[in-house]
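All ligand and atom numbering here is 1-based and tracks the order in the structure. Any value given below was found using the heavy atoms of this structure, including those in side chains, with hydrogens, waters and symmetry copies removed.
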Amino acid sequence: MRKITVAVDGFSSTGKSTIAKQLAKALGYIYVDTGAMYRAVTFYAMNHGFVSDERFDELAVVKSLPKIQLKFVLSGEAGQSDITLNGENVERKIRTLEVSRQVSKIATIKAVRDKLVAMQQQMGKEKGIVMDGRDIGTVVFPDAELKIFMTASAAARAQRRYKELLDRGDKVTYGEVLKNVEERDAIDSNRKVSPLRKADDAIVFDNSDMGLEEQFERIHNFALRVINQ
Ligand code: DC
């Protein structure tokens, strides 16, 4: 069976990673969460005092890029991988609301994007990959055979993210999460470098009112159709 590249882009908290992971598993493909890469760089920048609510030292982030080593390693869960930053597994530490609040700023830096996009293209060289992010179908793999653009209402997305954070024991309010979702939408869509936009040939997939099973079934079918054509 021929191997394809699947690009899953869309707004934050649309469930891209859940679907992308399931799809990769079903097809026996590699799954790459590119948001984790931007989050890990952000985590590094926060720890070094380069970015916070009050401060954003873009030059310092760019200068430290050569010192930032990212790798995906197999995690305890079958078929899943965790991201490491300079050898430390930061998978959990990058999923906080604090990191979410700073990540869009880091993702506007061209040098950061250039470095991460080059890594992503390298990972997908052999195809057989499902990659999720914001610019996968437009910039990283413009020739991907299947492109999905996931969307859902801001309220539905904030509710999902809020539940996720509560489940892990984080103390946040729904209002804070909704505000973060809306702010990230605005920054991600309006930044100069690789703004979030649908590729012309992407399939728009609105899952505001769709359960996981139905989403997976539909997207799996799209993939099988492309693979077998
Ligand atoms: O998918 P996520 O919410 O974990 O992504 C975190 C942030 O990273 C998101 O607000 C925008 C940025 N991002 C990006 O600019 N390009 C990507 N390919 C993936 C994520």
Side-chain angles (χ1 to χ4, degrees), residues 5-21 31-46 51 56 58 61 68 70 72 80-83 85 90-124 129-142 144 147-152 154 156-158 160-165 168 170 172 176-199 202 207:
T5 300
V6 183
V8 183
D9 289 303
F11 292 98
S12 67
S13 305
T14 39
K16 296 183 298 290
S17 62
T18 307
I19 284 299
K21 250 183 239 169
Y31 162 67
V32 177
D33 171 2
T34 63
M37 300 168 76
Y38 289 92
R39 284 174 181 272
V41 174
T42 304
F43 184 70
Y44 180 97
M46 287 167 75
V51 68
F56 179 30
E58 187 175 328
V61 178
I68 301 179
L70 303 178
F72 285 97
Q80 306 248 357
S81 55
D82 285 351
I83 192 159
L85 166 65
V90 291
E91 185 64 35
R92 196 182 152 81
K93 294 181 180 164
I94 59 169
R95 308 283 169 194
T96 62
L97 192 56
E98 285 72 34
V99 173
S100 297
R101 275 219 309 270
Q102 308 303 332
V103 65
S104 288
K105 284 185 244 171
I106 298 296
T108 60
I109 305 176
K110 186 175 180 305
V112 170
R113 303 204 70 86
D114 288 347
K115 172 173 167 132
L116 300 190
V117 167
M119 281 178 69
Q120 291 152 10
Q121 288 172 333
Q122 183 66 24
M123 291 187 252
I129 193 163
V130 182
M131 195 172 272
D132 84 41
R134 302 293 190 289
D135 57 345
I136 312 305
T138 49
V139 175
V140 182
F141 297 121
K147 299 179 186 177
I148 311 277
F149 190 84
M150 304 268 277
T151 172
R157 292 183 285 131
R160 287 180 198 151
R161 185 48 67 101
Y162 175 56
K163 192 176 168 305
E164 243 171 59
L165 291 169
R168 7 178 303 163
D170 287 10
V172 288
E176 282 173 325
V177 178
L178 178 63
K179 186 164 170 263
N180 176 253
V181 163
E182 289 174 341
E183 281 173 1
R184 281 205 286 154
D185 283 359
I187 302 181
D188 293 347
S189 307
N190 295 311
R191 66 173 175 235
K192 281 208 194 80
V193 193
S194 311
L196 169 65
R197 70 170 180 83
K198 185 187 95 58
N207 64 11

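Ser100 and Arg39 form a side-chain donor-acceptor contact under 3.5 Å, judged by distance and modelled atom types alone. Checked by atom type, the side-chain pair Ser104/Asp188 shows a donor-acceptor distance below 3.5 Å.
Interatomic distance, Thr34 OG1 to Arg113 CZ, rounded to the nearest 0.5 Å: 8.0 Å. For the atom pair CD1 (Ile19) and OH (Tyr31), the distance works out to 11.0 Å, reported to the nearest 0.5 Å. Taking CE from Met37 and CG from Leu85, the interatomic distance works out to 11.5 Å, rounded to the nearest 0.5 Å. Atom CD of Glu182 sits about 11.5 Å away from atom CZ of Phe11, to the nearest 0.5 Å.
Given atom 11 (C) of ligand 1, the protein heavy atom at minimum distance is Asp188 OD2, 3.4 Å. Nearest protein heavy-atom neighbour of atom 3 (O) of ligand 1: Arg184 NH1, 3.0 Å. Residue, atom and distance of the protein heavy atom nearest to atom 1 (O) of ligand 1 are Arg134 NH1, 3.0 Å. Of the protein's non-hydrogen atoms, Arg39 NE, 2.7 Å is the one closest to atom 4 (O) of ligand 1. Scanning all protein heavy atoms for the shortest distance to atom 16 (N) of ligand 1 gives Arg113 NH2, 2.9 Å. For atom 12 (C) of ligand 1, the closest non-hydrogen atom of the protein is Ala107 CB, 3.9 Å. Scanning all protein heavy atoms for the shortest distance to atom 19 (C) of ligand 1 gives Thr34 OG1, 3.3 Å.
Atoms of ligand 1 found under 4.0 Å from any heavy atom of Gly133 (numbered from 1 in listed order, with element): 17 (C), 18 (N), 19 (C). Ligand-side atoms of ligand 1 in range of Ser104: 10 (O), range being under 4.0 angstrom from any heavy atom. Of all atoms in ligand 1, listed by their number and element, those nearer than 4.0 Å to a heavy atom of Asp135 are 16 (N), 17 (C), 18 (N).
With atom 7 (C) of ligand 1 as the reference point, the heavy atom nearest to it among Asp33, Thr14, Val103, Val8 is part of Val103.
Within a 6.0 Å radius of NZ in Lys198, more than 12 heavy atoms belonging to other residues, nucleotides or ligands are found.
Using a non-hydrogen distance threshold of 4.0 Å, Gln120 does not register as a contact of ligand 1. The shortest separation from a heavy atom of Arg191 to ligand 1 is under 4.0 Å, placing the residue in contact.
Of the charged side-chain nitrogens involved, none lies within less than 4.0 Å of a carboxylate oxygen, so that Glu176 and Lys179 do not count as a salt-bridged pair.
Arg157 pairs with exactly one of Thr14, Asn207, Asp185 by the side-chain hydrogen bond (donor to acceptor under 3.5 Å, both in side chains) rule, that one being Asp185.
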